[in-house]
Amino acid sequence: MPRKGGGASMGFAHGSRCGHQPRGNQASSAGTAWPAWEPTRREVLAAAVLAGAAASAGGARADAAVPAAVVRNRVYTVSRRNTVTSTTYPRAEFRGLWTASVANIDWPSRTGLSAAAQRAELRSILDLARSRQLNAVLLQVRPTADRMWRSTVGEPWSRYLTGTQGRDPGYDPLAYAVSEAHKRGLALHAWINPFRVAMDTNLNALVSSHPARKHPAWSFAYGGRRYYNPGLPAVRNFIRSVVVDLVRNYDVDGIHFDDYFYPYPVAGQAIPDAAAYAAHKGAFTSVAGWRRNNIDVFIRDTRAALKAAKPRVAFGISPFGIWRNSSSSSLGSATSGLESYSALYADSRKWVREGWVDYITPQLYWHQGYPVADYNVLVDWWARQVAGTAVKLYTGEAAYKAGDPSPAAWRDPHELRDHLTKARGVPAVRGHCFYNTTAFRANRLNAIGILAARHYARPALPVPFPRLNAGRPATPVIKSAVREGAGVRLTWTSGTAGEDPTLIAIWRWESTGSVVPHIQSTATHLRAVLRRTSGTQSWLDTGATPGRTCWYMIQSVSRTGIDSANATCIFIRA
């Protein structure tokens, strides 16, 4: 994560963050046979005009180009899908927000707040994400080898909650965050800093029950901080046990590691791990190679343990944005900044190529055209790395830099907007994540507002993860759509056959009703993404124009982003 201090010339990140359905088997009304009919010339011409208008608009056609016997207020089940895509309104996209707890950067805003105040701040953050059409929050719950959830593994409560390490905050922050995020249809990823023990070097300042106090040889001091030694198998095993404990007991959607593996280098200082190297080097003759292997083994084995405990939980990492420069490796990027491969011993490219992560979110915290580390160059480089793999690529975006006086690029309120324009134009990029919450809320130069107006005017479904062995959830069935006061009340039922439905996606668009629509392939008409909470639910749509005819369509989505095989739709007069 971004660090305070210099290093611009070396490419450091700055800041502080430790269609139609033919009659028959492809579409049917709810328990009703298709009536016999032949389209009139007027109907055929009307359909052609509609199709031409949709094509000229440049968007995905909501309706298929062949007329059908549409009956108002009848529920139809459809299975055929549109294939047109949209870079303006993508159907599925990861939109995340990093919320840092270390040093009270984002949450809680300060130590010692009451449990009620802490919960209120969490709700405010989740409401912020929802209001900007984001769909995930990455909450830092283990900032310095401490925790923000109830656990018996041995690590203490975080001092960033109460001001005193080990003091119970009076509630379970992670359980509350998961519950409130899910109420809002947001995914909650538990963000963990794996190896940082403390923001200072004083081992004795840790609570006496801290594992690092009980095992003094497990950690070392470096650069004014204390870190667990990744070279010790006992340390790697312990941190894995922390991750497994968390996923077994909490309904998190993902486990997320940041960029701190071996510490960022400090001039004139050497990492004090000679004894560990001597004891555990095996056949390695290079300490650098040994250190990289330690991290590789940790990433590989953590993913295996995580999947054994709860297979549906996604595992992601946000490494430093540069793997290697082309001057160091022919596989590297056309950059000249610090390399995570050699400086942090983090072979992030290998993790992608080996499939040890489900998603990768490189911290691309530089502006477009920056000679040392050009954002555009790095987006293209990372896209090539995920090619041929099942790993999803999301870009890490520096919301905290918007409005900075230097370099001048960050004084342009359109810089972040243009980042997403670039990323959306690269098919391998499946989303974005913003650091940090405080800056995202502050919205300096209205940079976030400009970005959201251009790119987040519609909600998006979560990115699907087929490799997490998820089946399709049951198709929700529309029961009614009726005018209620200032809106239209849409009611549906959702079964539990197959994968458990987690979200309900609702589309609505005005139409003459000349054709039965395909399942939507874009978010052009997506109006809401709601958490599935019970067998029967409803939603009041206050955006439908009274007296106009329109389609409503709904699908269900699993926790891994897999949608139902079919959708149901209804044609009404609002």
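These figures come from a predicted structure and were not determined experimentally.
- T335 and N325 form a side-chain donor-acceptor contact under 3.5 Å, judged by distance and modelled atom types alone.
- Considering only heavy atoms from C-beta on, L416 comes within 4.5 Å of W410 through its side chain.
- Under the 4.0 Å criterion applied to side-chain N and carboxylate O atoms, D253 and R559 are assigned as salt-bridge partners.
- Ring centers of W366 and Y375: at least 6.0 Å apart, outside the cut-off.
- Taking the centre of each ring, H525 and Y552 stay at or above the 6.0 Å mark.
- Between R312 and D500 there is no salt bridge, since no side-chain N of the basic residue sits under 4.0 Å from a carboxylate O of the acidic one.
- When atom types are taken as modelled, the side chain of S340 and the backbone of S348 share no donor-acceptor pair closer than 3.5 angstrom.
- V243 is listed as a side-chain neighbour of F257, based on a closest heavy-atom distance under 4.5 Å.
- Looking only at atom types and distance, the side chain of Q537 has no donor-acceptor partner in the side chain of S494 under 3.5 Å away.
- A salt bridge links D358 to R303: one of the charged nitrogens lies within less than 4.0 Å of a carboxylate oxygen.
- Taking the ring centre of Y262 as origin, the terminal cationic atom of R291 falls inside the region bounded by 6.0 Å and 45° from the ring axis.
- Closest of all the heavy-atom pairs between M553 and V78 is CE-CG2, 3.9 Å.
- No donor-acceptor contact under 3.5 angstrom links the side chains of T361 and H256, judged on distance only.
- Judged by distance alone, the side chains of T77 and T568 never bring a donor and an acceptor atom under 3.5 Å apart.
- Residues S124 and R441 have side chains that bring a donor and an acceptor to within less than 3.5 angstrom of each other.
- For D296 and N293, the side-chain atoms include no donor-acceptor pair closer than 3.5 Å.
- A centroid separation of less than 6.0 Å is found between the aromatic rings of W381 and W323.
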For H455 and Y89, run side-chain hydrogen bond (donor to acceptor under 3.5 Å, both in side chains): C-alpha distance rounded to whole Å, both residues' side-chain angles, the deciding distance at 0.1 Å, then the answer.
CA-CA 7 Å; H455 298 294; Y89 302 116; over 6 Å; no
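- You'll find the ring centres of W191 and Y260 outside the 6.0 Å limit.
- Looking only at distances, a side-chain donor or acceptor of S86 sits under 3.5 Å from a matching main-chain atom of T88.
- Taking the six-membered ring for Trp, W98 and Y394 have ring centres at least 6.0 Å apart.
- For the pair K307 and F315, the NZ or CZ position fails the cation-pi test of under 6.0 Å to the six-membered ring centre and within 45 degrees of the ring normal.
- With hydrogens and angles left out, the side-chain atoms of H189 and Y359 include a donor and acceptor closer than 3.5 Å.
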